[in-house]
Amino acid sequence: QVQLVESGGGLVQAGGSLRLSCAASGRTFGGYGMGWFRQAPGKEREFVTTINWSGSVTYYVGTVKGRFTISRDNAKNTVYLQMNSLKPEDTAVYYCARSRSGAADSRALTAYDYWGQGTQVTVSS
């Protein structure tokens, strides 16, 4: 069983920054792609970014490209999401998830098999 635990969320003013972390249990972290998703109140969960098993390939949704950066440290079983220039529309619960493969090739929720419990990010205007 894989457990994912997010941390680092909070309240920040527009233009500010936050760094989310997702710590994974187990020794199977390094061979899998990882993704970050978010869900705002009343909206469906949406893809934000994904990274392949080695960290060499990343993809971002257009609304965060240039502002967010995903990275990973396989030695620490942790994936990160650095969020800069935050906007009120970034307010959501952010979830990390483990891909079913080592690639970073899917934005579909069904391509991910393990999910964290989520961490709240609130950006005030």
Side-chain angles (χ1 to χ4, degrees):
Q1 187 75 3
V2 176
Q3 288 189 323
L4 303 175
V5 179
E6 301 99 334
S7 61
L11 173 64
V12 64
Q13 288 188 334
S17 298
L18 283 174
R19 189 194 196 202
L20 305 184
S21 299
C22 172
S25 65
R27 293 183 291 178
T28 58
F29 175 82
Y32 293 86
M34 296 293 295
W36 285 96
F37 291 76
R38 65 186 180 185
Q39 187 166 17
K43 295 187 177 181
E44 294 185 351
R45 192 170 300 188
E46 66 172 1
F47 167 82
V48 177
T49 179
T50 185
I51 188 168
N52 74 333
W53 69 274
S54 68
S56 61
V57 179
T58 59
Y59 292 105
Y60 299 88
V61 68
T63 52
V64 308
K65 196 172 296 185
R67 300 188 297 121
F68 291 12
T69 303
I70 188 172
S71 61
R72 66 189 297 160
D73 185 338
N74 288 343
K76 295 182 178 180
N77 282 5
T78 302
V79 63
Y80 304 97
L81 182 63
Q82 178 67 43
M83 305 185 295
N84 299 327
S85 301
L86 282 160
K87 304 175 181 181
E89 51 264 43
D90 295 318
T91 295
V93 177
Y94 283 71
Y95 299 89
C96 70
R98 194 192 78 167
S99 173
R100 298 180 190 273
S101 77
D105 58 359
S106 180
R107 306 179 175 204
L109 275 69
T110 54
Y112 298 81
D113 53 3
Y114 290 98
W115 294 79
Q117 83 290 349
T119 185
Q120 176 71 47
V121 171
T122 303
V123 184
S124 64
S125 58

Inset, instruction - Determine whether Leu4 and Met34 make a side-chain contact, defined as any pair of heavy atoms from C-beta on separated by less than 4.5 Å. - result: yes

Legend entry - Contact check, side chains of Gln120 and Leu11, non-hydrogen atoms, under 4.5 Å: no

Inset, instruction - Treat each ILVMFWY residue as a node, draw an edge where side-chain heavy atoms are under 4.5 Å apart, and state whether Leu86 and Leu81 are in one component. - result: yes

Legend entry - Main-chain N/O of Arg38 paired to Glu46 side chain as donor or acceptor, under 3.5 Å: no

Inset, instruction - Test Ile70 against Val79 for side chain to side chain contact (heavy atoms under 4.5 Å, CB included), laying out the working first. - result: CA-CA 7 Å; Ile70 188 172; Val79 63; 3.9 Å; yes

Legend entry - Ala111 versus Ser106, closest heavy-atom pair with distance: CB-OG, 3.2 Å

Legend entry - Main-chain N/O of Asn77 paired with Asn74 side-chain donor or acceptor, under 3.5 Å: no

Legend entry - Atom pair OH (Tyr59) and NZ (Lys65), whose distance is rounded to the nearest 0.5 Å: 10.0 Å

Inset, instruction - Would you check if Leu20 and Glu6 make a side-chain contact, meaning some heavy-atom pair closer than 4.5 Å? - result: no

Legend entry - From Arg45 atom CZ to Lys43 atom NZ, the distance as rounded to the nearest 0.5 Å: 15.5 Å

Inset, instruction - Report the distance from atom CG of Leu109 to atom CZ of Phe47, rounding to the nearest 0.5 Å. - result: 10.5 Å

Legend entry - Main-chain N/O of Lys76 paired to Thr78 side chain as donor or acceptor, under 3.5 Å: yes

Legend entry - Shared hydrophobic cluster, Tyr60 / Val121 (ILVMFWY, side-chain heavy atoms < 4.5 Å): yes

Inset, instruction - Sequence neighbours left out, what pairs pass ring-ring contact (aromatic ring centres under 6.0 Å, His included) with at least one residue falling in residues 90-115? - result: Phe37-Tyr112, Phe37-Trp115

Legend entry - More than 12 heavy atoms from other groups under 6.0 Å of CD on Gln3: no

Inset, instruction - Using modelled atom types only, decide if a donor and an acceptor are shared between the side chain of Arg100 and the backbone of Thr110 within a distance under 3.5 Å. - result: yes

Inset, instruction - Could you grab the distance from atom OG of Ser85 to atom CZ of Phe68, nearest 0.5 Å is fine? - result: 9.0 Å

Inset, instruction - May I ask you to decide if Phe29's main-chain N or O and Arg72's side chain share a donor-acceptor pair within less than 3.5 Å? - result: yes

Legend entry - CD on Gln117 to OG1 on Thr119, rounded to 0.5 Å: 7.0 Å

Legend entry - Glu89 and Thr63: CA distance, side-chain angles, deciding distance, side chain to side chain contact (heavy atoms under 4.5 Å, CB included) verdict: CA-CA 10 Å; Glu89 51 264 43; Thr63 52; over 6 Å; no

Inset, instruction - To the nearest 0.5 Å, tell me how far Tyr32 OH sits from Asp113 CG. - result: 7.0 Å

Inset, instruction - Determine, using the 4.5 Å side-chain heavy-atom cutoff (strictly less than), whether Val12 and Val48 are members of one ILVMFWY cluster. - result: yes

